[in-house]
Number of protein chains: 2
Amino acid sequence: MKKRNYPLKDVYRLLEPGPVALVTTSYRGESNIMTMSWQTMIDFEPPIVACVISNRNHSFEMIRKSKECVLNIPTLEIAKQVVGCGNTSGDSVDKFKKFKLTALPATTVKAPLIDECYASLECKVIDSKLANKYNLFFLEVQKAWVAPLKKYPSTLHHFGDGHFMIAGKTIKLASKMK
Amino acid sequence: MKKRNYPLKDVYRLLEPGPVALVTTSYRGESNIMTMSWQTMIDFEPPIVACVISNRNHSFEMIRKSKECVLNIPTLEIAKQVVGCGNTSGDSVDKFKKFKLTALPATTVKAPLIDECYASLECKVIDSKLANKYNLFFLEVQKAWVAPLKKYPSTLHHFGDGHFMIAGKTIKLASKMK
């Protein structure tokens with residue numbers, strides 16, 4: 001998917017609606033993918049994001065040690081791969097290979113971009129003081145890539161128990177909220 | 001809207017898809033409403049939520065001092081009130097009165113439930129150590145109320161610049177993810 005550089009000040013628009021993300025990490029030559037939807041924006045610019053990566057996940061040590069990751073945002077087209085990545089562990093599976101996802105090099109971090117996702121955010125961990133207590137990592141987005149879509153992306157929103165809401169229609173209201 | 005007690009272990013299903021929430025607070029007899037969508041689940045049970053309430057908002061001191069709030073989840077039916085609450089400040093406006101929203105008493109906190117929202121989560125602040133650095137409050141949900149809907153709720157998801165995505169259709173996949 002051909003992507004363009006996206007303004008950092010607008011990154012909140014990608015994460016604020018609450019999409020499922022695929023977190024990629026890389027450490028000592030190994031890369032992994034984790035399905036996640038426990039994240040929130042913390043600040044606009046530079047964009048800071050907080051995300052929960054459980055210490056039961058293979059990615060926990062990967063992000064803690066490498067201090068980097070990429071948040072990739074998938075759409076309905078790859079829903080099966082998203083669930084596949086959530087149902088398997090990087091302990092025993094090369095998820096790029098198993099789910100036929102394409103790793104592309106990032107520019108500011110070693111973790112790869114996932115080509116099949118419509119957006120990718122290159123992130124550095126800026127604060128991991130709450131990693132032990134809450135599994136919480138604070139990330140600063142270094143660079144954002146977004147595919148220019150014809151309409152709004154059909155992002156996935158996790159409801160639990162195998163149910164996902166697919167992003168519906170968009171309305172415009174007289175909002176002054178940033 | 002008639003609501004039922006909702007199991008605390010399932011609260012993540014309400015917040016994980018990323019809906020806009022109306023945060024109510026109460027302090028020394030004054031109540032306020034704030035529109036928010038920077039929140040994430042932190043843990044399942046007891047349900048812990050982290051949310052960003054900026055120190056530029058009237059609600060910041062209200063929650064900091066009272067150590068309580070309610071997260072109310074609105075649907076499309078009250079989208080105009082949601083935006084109205086986001087465009088005004090509790091410094092100068094009684095938002096319950098101005099936007100004709102009904103405050104109902106909660107059972108475990110002084111902050112009120114909003115009757116017109118389909119779900120309400122009574123919360124206590126359990127950690128505000130990052131309130132100064134990141135405007136971040138950690139909440140533990142004490143009690144959850146949800147209206148039994150005929151179908152999935154048409155929650156609002158903020159895209160920025162006055163745009164909101166309305167929750168679309170739901171799919172079921174073979175997910176083992178909690």
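What's counted below: heavy atoms across the whole structure, side chains too, no hydrogens, waters or symmetry copies. The sequence lines fix the lettering, A, B, ..., with proteins before strands; numbering per chain opens at 1.
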Nearest heavy-atom neighbours spanning B:Val109 and B:Cys123: CG1-O, 3.5 Å

Identify which of B:Gly18, B:Ser37, B:Gly162 forms the greatest number of heavy-atom pairs closer than 4.5 Å to chain A. B:Gly162

Quick one: which of A:Gly84, A:Gly86, A:Gly168 has the most heavy-atom pairs under 4.5 Å with chain B, could you say? A:Gly168

Between B:Leu173 and chain A, with a heavy-atom cut-off of 4.5 Å, which part of the residue counts as in contact: side chain, backbone, both or neither? both

Side chain, backbone, both or neither: which part of A:Ala174 has a heavy atom under 4.5 Å from chain B? backbone

Distance-only polar pair, side chains of B:Asp43 and B:Tyr12, donor-acceptor under 3.5 Å: no

Does atom NZ of A:Lys124 have more than 12 heavy-atom neighbours from other groups under 6.0 Å away? yes

Most chain A-contacting option - heavy-atom pairs closer than 4.5 Å, from B:Leu136, B:Val83, B:Leu130: B:Val83

For A:Leu14, is it the side chain, the backbone, both or neither that has a heavy atom under 4.5 Å from a heavy atom of chain B? neither

Among A:Val52, A:Asp161, A:Asn135, residue most engaged with chain B (heavy-atom pairs, under 4.5 Å): A:Asp161

Does any backbone or side-chain atom of B:Glu16 lie under 4.5 Å from a heavy atom of chain A? Answer side chain, backbone, both or neither. both

Between A:Tyr152 and chain B, which part of the residue has a heavy atom less than 4.5 Å away: side chain, backbone, both or neither? side chain

Heavy-atom closest contact (B:Ser31 atom, B:Phe96 atom, distance): CB-CE1, 4.0 Å

Main-chain N/O of B:Leu113 paired with B:Asn72 side-chain donor or acceptor, under 3.5 Å: no

Is it the backbone or the side chain of B:Leu76 that comes under 4.5 Å from a heavy atom of chain A, or both, or neither? side chain

Would you say the side-chain atoms of A:Glu122 and A:Thr108 include a donor-acceptor pair closer than 3.5 Å? yes

NZ/A:Lys67: more than 12 non-hydrogen atoms of other groups inside 6.0 Å: no

Heavy-atom pairs under 4.5 Å with chain A are the metric here; pick the option from B:His157, B:Lys129, B:His158 that has the most. B:His158

Pick out which of B:Ile126, B:Leu121, B:Ile63, B:Asp127 makes a side-chain contact (heavy atoms from CB on, under 4.5 Å) with B:Leu139. B:Ile63

